[in-house]
Amino acid sequence: MLEIIPTIYLQILLASVLGLILGLQREYSEKPAGLRTYSLVATGAALFTIISINGFNQFLVDASRYDPSRIASNIVTGIGFLGAGVIIFRDKRVEGLTTAAGLWVAAGLGMAVGAQMYGLAIFTTVVSYTILDIMGRPQVEEWLRIRRTKERNKNKI
C-alpha cells in the first residue's frame with residue numbers, strides 16, 4: 001500500500017503527526033495552542049519546503065541562481081511573526097514564550113521532514129516533547145525556583 005502513495009504525501013503526513021505529538025503535550029498542559037495549531041504549523045512548513053525544493057524546477061533557466069533555501073528562510077520569519085502574536089505581557093509577567101518557541105520548533109520539524117531529514121525530525125520531536133513535558137512539570141519548576149532563591153540568598157551574604 002505505501003509503495004503507491006507518493007513520498008511527498010507521506011512527508012506531509014509525517015510532519016502532521018510530529019506536530020500533533022508536540023500539540024498533544026500542549027493540549028494536556030491546557031495551553032491555548034495545541035493539537036491543531038502545532039500540527040498545522042509543522043504541516044505547512046513541510047509543504048512550503050517541499051514546494052521550495054521541487055515546485056519551481058520548470059522555471060529553472062540558470063542552475064547557479066536556484067536557491068531553495070529562500071522559501072525556508074521565510075518560513076522562519078513567518079513563524080517568528082506568529083510566535084510574536086502569542087507572546088503577551090500580563091500582570092508583570094511574560095506569557096506565551098514556551099508556546100512561541102514550540103511553534104518555532106514545530107516549523108523546524110516540518111522543514112526537516114520536507115527536506116527528507118526524517119531522523120532529525122523524529123529525534124527533535126522526542127527531545128522537544130521531553131523538554132515540554134518534564135521541564136514544565138510543577139515539581140521541576142518549584143525545584144528550580146527554590147534553587148534560584150537559595151543562590152540569590154547565598155550571594156547576598
Side-chain angles (χ1 to χ4, degrees), residues 1-61 63-90 93-142 144:
M1 173 69 179
L2 290 179
E3 304 85 41
I4 59 173
I5 300 174
T7 303
I8 57 174
Y9 297 138
L10 294 174
Q11 286 175 272
I12 295 295
L13 187 60
L14 177 61
S16 178
V17 168
L18 295 178
L20 196 73
I21 290 168
L22 292 184
L24 186 65
Q25 191 286 329
R26 302 311 283 165
E27 281 291 329
Y28 282 135
S29 299
E30 298 180 358
K31 300 299 178 183
L35 291 169
R36 294 181 302 168
T37 306
Y38 278 77
S39 189
L40 285 170
V41 166
T43 301
L47 176 64
F48 285 122
T49 302
I50 292 166
I51 290 170
S52 178
I53 292 169
N54 303 308
F56 302 104
N57 293 334
Q58 70 269 24
F59 302 111
L60 189 60
V61 176
S64 67
R65 294 177 55 193
Y66 177 64
D67 182 11
S69 68
R70 286 194 290 195
I71 291 178
S73 67
N74 286 301
I75 294 170
V76 175
T77 303
I79 293 302
F81 280 109
L82 181 64
V86 170
I87 300 169
I88 60 170
F89 186 75
R90 182 182 304 171
R93 289 180 35 154
V94 176
E95 295 179 7
L97 285 175
T98 303
T99 299
L103 292 172
W104 198 52
V105 170
L109 297 174
M111 291 170 65
V113 171
Q116 300 180 350
M117 297 177 181
Y118 309 121
L120 177 62
I122 292 168
F123 179 77
T124 304
T125 300
V126 171
V127 169
S128 299
Y129 184 93
T130 303
I131 291 168
L132 289 170
D133 191 50
I134 292 175
M135 297 307 291
R137 291 184 181 174
Q139 311 89 295
V140 174
E141 290 179 343
E142 180 66 16
L144 290 170

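None of these values were measured; they are calculated from a predicted model. Scope of the values below: all heavy atoms of this structure, side chains included, with no hydrogens, waters or symmetry mates.
- For the atom pair L109 CG and L120 CG, the distance stands at 8.5 Å (nearest 0.5 Å).
- A side-chain donor-acceptor contact under 3.5 Å links S39 to the backbone of S16.
- Partners of R93 by salt bridge (charged side-chain N to carboxylate O under 4.0 Å, His left out), not counting sequence neighbours: none found.
- From L40, atom CG reaches atom CG of L35 across 10.5 Å, with rounding to the nearest 0.5 Å.
- A pairwise comparison of heavy atoms in I50 and I12 identifies CD1-CD1, 3.9 Å as the closest pair.
- Considering all non-hydrogen atoms of both residues, V113 and Q11 come closest at O-NE2, 2.7 Å.
- Identified under the side-chain hydrogen bond (donor to acceptor under 3.5 Å, both in side chains) test for residues 27-38, with sequence neighbours left out: Q25-S29.
- Counting only heavy atoms from C-beta outward, the side chains of M135 and T98 never approach each other to under 4.5 Å.
- The shortest heavy-atom contact between T49 and A115 is CG2-N, 3.8 Å.
- T125 places none of its side-chain heavy atoms less than 4.5 Å from the side chain of V105.
- V41 has its side chain out of reach of W104: every pair of non-hydrogen atoms, C-beta onward, lies at least 4.5 Å apart.
- Remark: T7 OG1 to N54 CG distance equals 10.0 Å, nearest 0.5 Å.
- Counting all heavy atoms, side chain and backbone alike, T99 lies closest to A33 at CG2-CB, 3.6 Å.
- In this structure, A45 and I75 approach most closely via the heavy-atom pair O-CD1, 3.7 Å.
- Distance CG/L13 to CD1/I8: 13.0 Å, rounded to 0.5 Å.
- The CZ atom of R26 lies 11.0 Å from the OH atom of Y129; values are rounded to the nearest 0.5 Å.
- Note that the OG1 atom of T124 and the CG atom of L22 stand 9.5 Å from one another [nearest 0.5 Å].
- The nearest pair of heavy atoms linking V86 to G96 is CG1-O, 3.7 Å.
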